[in-house]
Peer 1: 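What follows is a structure written as structure tokens; I'll ask about it next.
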Protein chains: 2
Amino acid sequence: MAKSSTIAAAPEAPADSAETQASLDSALDDLIGYAMRRAQLKLFQNLIGRLSAHDLRPAQFSALAIIDQNPGLMQADLAKALAIEPPQVVPLLNKLESRALAVRVRCKPDKRSYGIFLSKTGEALLKELKLIAAESDMDATSNLDSQEREELLRLLKKVYQA
Amino acid sequence: MAKSSTIAAAPEAPADSAETQASLDSALDDLIGYAMRRAQLKLFQNLIGRLSAHDLRPAQFSALAIIDQNPGLMQADLAKALAIEPPQVVPLLNKLESRALAVRVRCKPDKRSYGIFLSKTGEALLKELKLIAAESDMDATSNLDSQEREELLRLLKKVYQA
DNA sequence: TATTGTTATACTCTATAACTATA
DNA sequence: TATAGTTATAGAGTATAACAATA
């Protein structure tokens, strides 16, 4: 367990005395970027905590979901979808393969590349993880009602989909 | 190296080429956490790019803003406000001090601690940085109109406050 | 003995360059 | 020569433990 969170640069939820963050940052309060970092940290830490029961990181979960939706994709495609560099895909996939959640299958036409697929185990676990992620979402946004959640999701998508 | 062999399914042609994040992640599209991570990354990268012109990181900017609002605070307070551990404050403050943006002043009553203050230079730079951050916010959320921006900020604050 | 700031250290994440094996 | 995957490596960011000076 690591505690990580940084408003400063990276992640985790504070949970401090009311005196600190709540009041010390008034100059930053009008920035969407600052509020989003704080909120994202809360969501992320919640998910990390829940996934840790399965010894998985958010990136692994995303990878499983992407593979499920795009069976047979190549590692370069996966890297692109995860917004990481190809070298980072290697240990990630190694981990999934070592746990028999996914497999690399040599491509027939081009023997340099692999097609990536989920195993039955991987598919079953992914189904569980989707529920966990949905729970995490609800838990971390428990201050919102369902209409607000819907609106927030719409706005967030609009921000990054261009 | 770890290749397992569970699935004998036939390798298939690579998913697509132009197909990237926009379409490969449809299973994750209903998660606020996923959308927020994507959106936050966009905002954060935009800000990082702009601050780099001043050789600063978001954490340094946040620190300047917090010191400005709380002149004389101790390093432990700053760590708490930034949601980082005290040891991480040291190099951060060293950097700000070396650039004459902030100063550590020995506390009279308790000689173990310092009071942290902005220099005039620091105050002036912070004023600039606030404009830059506001521009970055606008730029990275250019898909939204002002009403949507306001609503997004409200929802984000509601998520992490409380 | 407890606390403030610091040093030392380690683990994660991320990015780049170079290597292999195919093409 | 170009490409897919891999290896090696380096740089951030973040965490903990232990130390010095002070209380």
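FYI, side chains are in, hydrogens and waters are out, and symmetry mates aren't considered; it's all heavy atoms of this structure.
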Peer 1: Nearest whole Å is fine: how far is D:dG13 C1' from B:Ile84 CD1?
Peer 2: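 Taking atom C1' of D:dG13 as the reference, CD1 of B:Ile84 is at 10 Å.
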
Peer 1: Let me know the distance between CG of B:Asn94 and C1' of C:dT6, rounded to the nearest Å.
Peer 2: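 Nearest whole value for this atom pair: 10 Å.
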
Peer 1: Return the nearest nucleotide to the side chain of A:Pro87; candidates are C:dT6, D:dA21, D:dT7.
Peer 2: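 The nucleotide sitting nearest to the side chain is D:dT7.
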
Peer 1: Return whichever of A:Asp110 or A:Pro91 has its heavy-atom-nearest nucleotide of DNA chain D closer to the 5' end.
Peer 2: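 The answer here is A:Asp110.
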
Peer 1: Taking CD1 from B:Ile48 and P from C:dC13, how many angstroms apart are they, rounded to a whole number?
Peer 2: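 To the nearest whole Å, that distance equals 17 Å.
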
Peer 1: Could you state the atom-to-atom distance from NZ of A:Lys80 to P of D:dA4 in whole Å?
Peer 2: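 Those two atoms, NZ and P, are 10 Å apart.
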
Peer 1: Measure across A:Val89 and A:Ala79 and return the closest heavy-atom pair with its distance rounded to 0.1 Å.
Peer 2: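 Minimum heavy-atom contact is CG2-CB, 3.5 Å.
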
Peer 1: Quickly work out the B:Gln45 CD to D:dG13 P distance and round it to whole Å.
Peer 2: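 Between P of D:dG13 and CD of B:Gln45: 11 Å.
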
Peer 1: Answer yes or no: is there a donor N or O on one side and an acceptor on the other, between the side chain of B:Lys157 and the main chain of A:Asp29, under 3.5 Å?
Peer 2: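 Side chain of B:Lys157 to backbone of A:Asp29: a pair is present.
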
Peer 1: Which atoms form the tightest heavy-atom contact between A:Lys95 and A:Asp55, and what is the distance?
Peer 2: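 In terms of heavy atoms, the two residues are closest at NZ-OD2, 3.0 Å.
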
Peer 1: Heavy-atom nearest nucleotide on DNA chain C for A:Lys111 versus B:Tyr114: which residue maps closer to 5'?
Peer 2: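 Residue closer to the 5' terminus by nearest nucleotide: B:Tyr114.
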
Peer 1: Whole-Å distance between C:dG5 C1' and B:Leu78 CG?
Peer 2: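 Nearest whole value for this atom pair: 13 Å.
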
Peer 1: Is any side-chain heavy atom of B:Ile32 closer than 4.5 Å to one of B:Val159?
Peer 2: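 Sidechains of B:Ile32 and B:Val159: no contact.
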
Peer 1: Any side-chain N or O of A:Arg57 below 4.0 angstrom from OP1/OP2 of C:dC13?
Peer 2: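 It does, given that an N or O in the side chain of A:Arg57 lies less than 4.0 Å from OP1 or OP2 of C:dC13.
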
Peer 1: Specify the residue among A:Arg112 and A:Val89 whose closest nucleotide of DNA chain D lies further upstream toward the 5′ end.
Peer 2: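 Here A:Arg112 is the residue nearer the 5' end.
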
Peer 1: Would you indicate whether the side-chain heavy atoms of B:Gln75 and B:Arg104 approach each other to under 4.5 Å?
Peer 2: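 In short, these two side chains touch, coming nearer than 4.5 Å.
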
Peer 1: Specify the separation, in whole Å, of atom NZ of A:Lys108 and atom C1' of D:dA4.
Peer 2: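 Between C1' of D:dA4 and NZ of A:Lys108: 18 Å.
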
Peer 1: Does B:Arg106 reach a base, just sugar-phosphate, or nothing at all? Heavy atoms under 4.0 Å.
Peer 2: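 The residue B:Arg106 makes no contact with any strand.
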
Peer 1: Whether A:Gln88 contacts C:dT12 is assessed here as follows: a side-chain N or O lying under 4.0 Å from the phosphate OP1 or OP2. Is that the case?
Peer 2: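 No, because none of the side-chain N or O atoms of A:Gln88 sits under 4.0 Å from OP1 or OP2 of C:dT12.
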
Peer 1: Hey, does B:Pro109 reach any base, or is it just sugar-phosphate, or nothing, if we go heavy atoms under 4.0 Å?
Peer 2: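 B:Pro109: backbone/sugar contact only, no base atoms under 4.0 Å.
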
Peer 1: Separation of B:Arg37 atom CZ from C:dC13 atom P, in whole Å?
Peer 2: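 From B:Arg37 CZ to C:dC13 P: 10 Å.
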
Peer 1: Heavy atoms only, 4.0 Å cut-off, all strands: where does A:Glu85 land among base, sugar-phosphate and nothing?
Peer 2: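 Touches a base.
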
